[in-house]
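Everything numeric here is computed off the predicted structure, so don't read it as measured data. Values below: every heavy atom of this structure, side chains too, minus hydrogens, waters and symmetry copies. Naming convention: chains lettered A, B, ... in sequence-line order (proteins, then strands); numbering from 1 in each chain.
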Number of protein chains: 2
Amino acid sequence: MTGSRRGDLFSPACPTRRLLDRLGTKWTSMAVKSLSDGGELRFTELRRRMPGVSQKMLSTTLQTLVADGLVARRVEDTVPPRVHYRLTELGASLEVPLSALREWAEQHMARIDDHRRRAGLG
Amino acid sequence: MTGSRRGDLFSPACPTRRLLDRLGTKWTSMAVKSLSDGGELRFTELRRRMPGVSQKMLSTTLQTLVADGLVARRVEDTVPPRVHYRLTELGASLEVPLSALREWAEQHMARIDDHRRRAGLG
DNA sequence: CTGGATCCTGGTCGATACTG
DNA sequence: CAGTATCGACCAGGATCCAG
């Protein structure tokens, strides 16, 4: 942090853009929400809470979140293995602004859809 | 709105997912931010504020935003034509949760990047 | 000046099959 | 149970040229 960085908002390294890029991937926000609601969950439990997700995509999504430090992965050394996922503090802190965006979406997306229908693009 | 819709959060029509899908497209959030900062702007003014955007992508992005009802388009009937864009009330209201997400990104993305580097995933 | 039309590339995502 | 490997479809997005 070198003081004011408003100019950075439009640099290729813009943190907002990179964050939205990730949240924009299909399953990321749903996984965060599921872990926020369910606490610590196993792989299959998580999968059940995310209708439509494939094993590969859930695995990839979780790997990204773990690498980002938003989700913690805990392996029980049993047979068969049990793997548990939960939000880290960082992940939980993201839930705050993210839930604000969710509220906005739930309140206003219907109007957006309506507008799009009239424009004939949606 | 038909009362509580928490279950909808994971339906294919989930409003949050669809909103993030749009905000996740490369230039959308930058355009919203630029219009929020600059007020009403012409196409080329907007383009200057968004380094790296191509004519096509700016055009496409603005069309989407206009169709969504987040941005208003005003054409001055001159030669050559001047086209002005500004946020609608709906678009301005989106700026509220969006700026909260920006703050989070600016405060925490560095830590995410650091975490990723250690994980060796980029 | 403000776009539209076209072509092309890379990455996201899904289906399927296989493994410890 | 919890992944990994591979293949292919699809589309966002960039380059370029053209038009009102």
Side-chain angles (χ1 to χ4, degrees), chain A residues 10 12 14 17-31 34-35 38 40-68 71-86 119-122, chain B residues 10 12 14 17-31 34-35 38 40-68 71-86 119-122:
Chain A
F10 301 123
C14 166
R17 196 153 122 191
R18 305 212 336 281
L19 176 63
L20 284 170
D21 200 48
R22 279 167 204 219
L23 294 179
T25 64
K26 194 164 186 180
W27 303 103
T28 302
S29 63
M30 190 187 289
S34 297
L35 289 171
E40 192 174 58
L41 295 172
R42 293 175 55 185
F43 187 89
T44 304
E45 287 173 340
L46 201 42
R47 203 184 165 192
R48 248 199 314 272
R49 284 166 180 260
M50 297 167 63
V53 72
S54 66
Q55 285 170 345
K56 174 192 168 183
M57 289 317 298
L58 180 54
S59 180
T60 301
T61 300
L62 288 171
Q63 281 172 17
T64 300
L65 288 169
V66 168
D68 285 348
V71 166
R73 184 177 186 270
R74 179 171 69 84
V75 183
E76 259 186 81
D77 199 13
T78 58
V79 177
R82 297 181 182 183
V83 185
H84 303 259
Y85 295 91
R86 62 176 172 78
L121 288 171
Chain B
F10 301 123
C14 166
R17 196 151 125 191
R18 305 210 338 279
L19 176 62
L20 284 169
D21 200 47
R22 277 167 206 215
L23 295 178
T25 65
K26 195 164 186 179
W27 303 103
T28 302
S29 63
M30 191 187 288
S34 297
L35 290 171
E40 192 175 59
L41 296 172
R42 293 178 54 188
F43 187 89
T44 304
E45 287 172 339
L46 202 41
R47 203 184 164 192
R48 248 199 314 274
R49 285 165 179 259
M50 297 167 61
V53 73
S54 66
Q55 286 169 344
K56 173 196 168 182
M57 288 318 297
L58 180 53
S59 180
T60 302
T61 300
L62 287 171
Q63 282 172 15
T64 300
L65 287 169
V66 169
D68 285 349
V71 165
R73 185 177 186 270
R74 180 171 68 86
V75 183
E76 262 186 78
D77 198 13
T78 58
V79 177
R82 296 181 182 183
V83 186
H84 304 259
Y85 295 91
R86 62 172 173 81
L121 288 173

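Side-chain N/O atoms of A:Trp27 include one lying less than 4.0 angstrom from OP1 or OP2 on C:dG14. Between A:Ser59 and D:dT4, a side-chain N or O to OP1/OP2 separation shorter than 4.0 Å is present. Between A:Tyr85 and D:dG3, a side-chain N or O to OP1/OP2 separation shorter than 4.0 Å is present. In terms of phosphate contacts, B:Arg73 brings a side-chain nitrogen or oxygen within less than 4.0 Å of OP1 or OP2 of C:dG3. Checking the phosphate oxygens (OP1, OP2) of D:dG3, no side-chain nitrogen or oxygen of A:Gln63 falls inside 4.0 Å. A:Arg82 has no side-chain polar atom (N or O) that falls below the 4.0 Å cut-off from OP1 or OP2 of D:dA2.
What separates CG of B:Leu46 from P of C:dT2 is a distance of 10 Å, to the nearest Å. Summarising the geometry, the separation between CZ on A:Arg22 and P on C:dC13 is reported as 13 Å, rounded to the nearest angstrom. Rounded to an integer number of Å, the gap from B:Arg74 CZ to C:dG3 C1' is 18 Å. If you measure from atom CG of B:Asp77 to atom C1' of C:dC1, you get 14 Å, rounded to the nearest angstrom. The distance from atom CD of A:Glu76 to atom C1' of D:dA2 is 13 Å, rounded to the nearest whole Å.
The side-chain contact (heavy atoms from CB on, under 4.5 Å) check on B:Val75 picks up B:Arg73, B:Val83, with sequence neighbours excluded. By the salt bridge (charged side-chain N to carboxylate O under 4.0 Å, His left out) test, B:Arg22 pairs with B:Asp68, sequence neighbours left out. Partners of B:Val71 by side-chain contact (heavy atoms from CB on, under 4.5 Å), not counting sequence neighbours, listed by chain and number: B:Leu35, B:Leu65, B:Val66, B:Tyr85, B:Leu87. Not counting sequence neighbours, the partners of B:Glu76 by the side-chain contact (heavy atoms from CB on, under 4.5 Å) test are B:Arg74, B:Thr78, B:Arg82, B:His84.
One finds the CG atom of B:Asp21 at 9.5 Å from the OG1 atom of A:Thr25 (value rounded to the nearest 0.5 Å). Taking CE from A:Met30 and OG1 from A:Thr61, the interatomic distance works out to 10.0 Å, rounded to the nearest 0.5 Å. Within the model, atoms OG1 of B:Thr28 and CG of B:Leu20 stand 11.5 Å from one another, a figure rounded to the nearest 0.5 Å.
Counting only heavy atoms from C-beta on, A:Lys26 has its side chain closest to C:dC13 among C:dC13, D:dG3, C:dC1. In the set D:dA2, C:dC1, C:dC13, C:dC13 carries the atom at the smallest distance from any side-chain atom of A:Met57. For A:Pro81, the listed nucleotide lying nearest its side chain is C:dG20; candidates were C:dG20, C:dG14, C:dG3.
Minimum heavy-atom separation, A:Leu41 to A:Ser34: CD1-O, 3.8 Å.
Defining each end axis of the helix from C:dC1-D:dG20 to C:dG20-D:dC1 as the rotation carrying four pairs' C1' atoms onto the next four, with five pairs an end, the two axes are found to diverge by 40° to 10 degrees.
If B:Asp21 and B:Gln55 are placed on DNA chain C by their nearest nucleotide, the residue sitting closer to the 5' end is B:Gln55.
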Could you run down the sub-3.5 Å N/O contacts of the protein with nucleotides 5-9 of chain C?
none

Donor-acceptor contacts under 3.5 Å from residues 52-59 of chain A side chains, at least two apart:
residue, atom, partner, partner atom, Å
A:Ser54, OG, A:Met57, N, 3.1
A:Ser59, OG, A:Gln63, NE2, 3.4

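Among the heavy atoms of the strands lying under 4.0 Å from A:Thr25 are primed sugar atoms or P, OP1, OP2 only; no base atom is included.
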